[in-house]
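Structure record follows, encoded as C-alpha cells.
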Amino acid sequence: MKTKWLLTAALLPLLPICAMAAESVKIGLITTLSGPEAVMGNPMRDSANLALSMLGGKIGGLPAEIIFGDDQQKPDLGRQQAEKMLKKDKVDFITGMLGSNVLLAVYQQVVSSHTILISANSGPHQLAAGMCSPYFFAMASQNDEAPEAMGYYLTERHVDDVYVMAPNYAAGHDMISGFKRSYKGKIAGEVYTTFGQLDYQAELSQIRDAKPKAVFVFYPGGMGIQFVKQYAESGLKNEIPLYSAYTVDSSTLQAVREAALGNYEASFWGADLDIPRSKEYVAAFSKEYGYTPPNYGAVSFDAIFAIDSAVKAVHGDLSNRQGMIDALEQASFPSVRGQFAFNANHFPIENFYLFQVQKTEDGKEFLKEQETIFTAHKDAYAPECHMKKE
Amino acid sequence: MLLLLIQAFNGLQFGVMLFLMAAGLTLVFGIMNVVNLAHGSLYMIGAYVCAETYDATGSFALAIPSGLAAALATGVVIEIGIFRVLYARDHLDQVLATFGLTLFFNDLVRVIWGSTAVYATVPRFLAGQVHIITGAPYPAYRLAVIVVGFAVAALLYLVISHTRFGMVVRAGASNRVMAGALGANIVVLYTVVFALGAILAGLAGLMAGPIFTVASGMGDSILILAFVVIVIGGIGSIRGAFIASLGVGLIDTMGRAYLRPLFGLFLPPTAADNTGPAVASLLIYVVMAAVLFFRPRGLFPPRMR
C-alpha cells in the first residue's frame, strides 16, 4: 500500500508535462554546425529560425520550439542526437539531415518510432527505393538528380570526355551513378576520395595528366571550397571547365570567391531564380543574416512551412500522424521552388537548373541562372518504392 | 613519367609540412622525455592567428610573424606553467594533462573564432603557377612550402650540428642526466627547445591553413601523423624525423594516386573504389608497423650512452 502511494507521488509531477506536450510543437533539427561542413549547416539552422519567426513563433497555431543538434558530420553523433531528441525531448518532427551518411544512420530509429522525418537536404537512393517509408519525406531532391541533370546537359552539348570525382561515401556514389545515367560520352577517369579530405593536390595532378574535356565533381561544403580553390590554384581552371553539383553555392562562394568564376553548377534551386516566394525568402534571409542563402537554407525554410501546413491540417492534434502525412503529401505549403509536388515515394517532383558563377556589377560573385535542364523531374528509383500504408 | 615526378613534388610538399611538426615533437620527446599531445594545438594556434591577421589586415608580412609569435607565446606559457610540473611525472600523467590541453585549446578557438571553419586564402603573389618543368605548371604556393620546409631543415641542421647550443641539445637527447651534471642549464634548455618546437609547429600550421582548412581540432590529425614520423625516424633524431617525414609524405601521396588504379587491375571497379582509398590511408601505418618490427627504436635513433 505504502509503495503504491510512493509510486503515485513520484509519478504525479510528470502528469502536467504529458498534458502540456500536445499544446506545443517540438521540432528536432540535426545538421552539421561545426567544422568545415558547417558552411552548409549554419544556413539550415538560420533558415529554420527565420521560418519560425515569420510564422510568429507558432507552428500550426501552436507555440513551437526548434531543438538543434550538431552531428559534426559523423553518423554516430547523428544517432546520439536523434536518440536524445526522440527519448528526452520527445520531438514531434525531425528535420535537418545535411549528410546522407547521417541520414542513413538515424533513419530506421526515427521512422520506426513513427516520428515524421523530413530530410532538408540529403536524399540517398535507398530511401527513395525499397527502404521508403510513409514517415519519411525528402524535401530537397534524390541525390542522383542534380548530377543527372548535369550529365544530360553535357551530353546535349557534345562534351564527350569527362573526368568525375566525389568523396567516397553514400552520397558520393549516388551522385556519380546519377551522372552516368544520363551522360552518354566517355568517362576519362572516376575517382573517389576519402570523405573529409581537404587537400586535393595529388588528384589534381592526375586530372592534368588525363587531359579530359571537362571535369564533373560533387564536393559539398568545406571539401568543395578546398577543391575549387585548389583547382584554380593549380591552373586547371583556365584549361578544363569545371562542372559540379552541391559544390558551388552561395555560402561556399563567400570563401571560394574568384576561384569559382565561370564554373557551372546544376541544382533545383538558386537565389537567382525568378520565383516570388524565393525572392521573398532571399530578401528576408539576407536582411537578417547578411549573406545570400544557399539551397541548404532554402529547403530548411520550406521544411518548417511544410510542418506548419501539416499541423494546421490536423488542427493541432499531433497524435494524428496519418493526417499529417496525408497533408504533407499534398505539398500545399508555399515553396521557394514555386511548382513543387511529392512523388509517390515522398521525393520531390521539381525543376533542375544550370547556374554559372558570374560577377555582379559591384564585383560580388553569384550563381547566375542559365537555363532549365529538367522540368518536373522525378527520380529514377520511385517505381521501386512500395509504401505500406498503415 | 612527368606525372610521377609531379606526384613526387606533391609528396615532398606534404612531407616537409610533416617535418616541421615532427621536428619539434621529436626534440621535446627525445630531450625532455615528455609526450606532448598539445603540439597539435600550437599548430592550430599558428594557423588561426595567421589566417585571422591576414584576413583583418591583408598583409602577409604581418600575418606570418603574428602567427609564429602566438604559437611561441602559447608554447612558452604552457612549458613554464604546466610542463615543468609534468617532467617528473610518468608518461600516463603527461598524456592525460596534454590531452586535456588539446581539448582546452580546441574549445578556446571555438569561443574566440566560432565553430565554423576559417578558409584561409593563399597570398596574392603566390596564387599563380610556376613552370618548374615545361608543360607542368605547379602551384606557386606549394612550391613555396617546399622551399621554406627545406630551408628550415637546413637551418636546423646547421644549428643542431654546428653550434654550441646544438651540441647541448644533442647531449640532452643522448643522456639528459649527464648533460645536466656537466653544467648545461637544463631548465633553460628545456624552455628554449620547447619554444623552438612551438615556432616550428606554428610555422607548419600557418602554411597548412590554405592547404587544409583552419578549424578547431585541425592539429589532431596531423599530430598522429607526426607521431608516426618520429616513431619511424627514431625519437630524438632530427635527421630521422626529416627522412621519415619525406618518406611518409611520399608514401601517402603515391598511395592516394596509384593504389586505386593498381587495385583496378585485379579487382572489380566498385571494390577497387572502396579498397583503394581505404588502403591508401592505412599505408603509412603498415610502414610504421614494419619499421617497429625490424628496428624497434626507429631508423635513426640518437646514440645513447
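Since the structure is predicted, the reported quantities are computational estimates derived from the model, not experimental observations. In what follows, chains carry the letters A, B, and so on, assigned in the order in which the sequence lines appear, proteins first and then strands, with residues in each chain numbered from 1.
Per-residue heavy-atom pair counts under 4.5 Å with chain A were compared for B/Ala257, B/Ala215, B/Pro261, and the maximum is reached by B/Ala257. The candidate from A/Gly41, A/Gly189, A/Ala255, A/Pro36 with the greatest count of non-hydrogen atom pairs under 4.5 Å with chain B is A/Pro36. Per-residue counts of heavy-atom pairs under 4.5 Å with chain A were compared for B/Val122, B/Ile6, B/Ile211; the largest is that of B/Ile211. The candidate with the highest count of non-hydrogen atom pairs below 4.5 Å against chain B, out of A/Glu190, A/Glu37, A/Glu203, is A/Glu203.
For B/Thr213, the parts lying under 4.5 angstrom from a heavy atom of chain A are both the backbone and the side chain. For A/Glu233, the parts lying near chain B are the backbone and the side chain together; criterion is any non-hydrogen pair under 4.5 Å. Proximity to chain B is limited to the side chain of A/Asn42, based on heavy atoms less than 4.5 angstrom apart. Residue contact with chain B, scored on non-hydrogen atoms closer than 4.5 Å, is absent for A/Ala259. In this structure, the portion of A/Gln197 lying under 4.5 Å from any heavy atom of chain B is its side chain and not its backbone. For a residue to count as touching a neighbouring chain, one of its non-hydrogen atoms must lie under 4.5 Å from one of that chain's; by this rule A/Leu33 touches chain B with the backbone only. Contacts between B/Ala120 and chain A at a heavy-atom distance below 4.5 Å involve the backbone alone (N, CA, C, O).
Using a 4.5 Å cut-off on side-chain heavy atoms (C-beta onward), A/Val191 and B/Arg260 make no contact.
Note: B/Arg142 CZ to A/Leu204 CG = 8.0 Å, rounded to the nearest 0.5 Å. Separating the CE atom in B/Met17 from the CG atom in A/Asp199 is a distance of 8.0 Å, to the nearest 0.5 Å. One finds the OH atom of B/Tyr138 at 4.5 Å from the CD atom of A/Gln201 (value rounded to the nearest 0.5 Å). Taking CZ of A/Arg208 as the start and CG of B/Leu3 as the end, the distance is 11.0 Å to the nearest 0.5 Å. Considering NZ of A/Lys229 and OH of B/Tyr119, their distance stands at 8.5 Å, rounded to 0.5 Å.
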Could you go step by step and tell me if B/Tyr258 and A/Gln206 meet the side chain to side chain contact (heavy atoms under 4.5 Å, CB included) rule?
CA-CA 10 Å; B/Tyr258 292 110; A/Gln206 302 287 117; 4.2 Å; yes

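Nearest heavy-atom pair, A/Ala232 versus B/Gln129, reported as atom, atom and distance to 0.1 Å: O-NE2, 3.4 Å.
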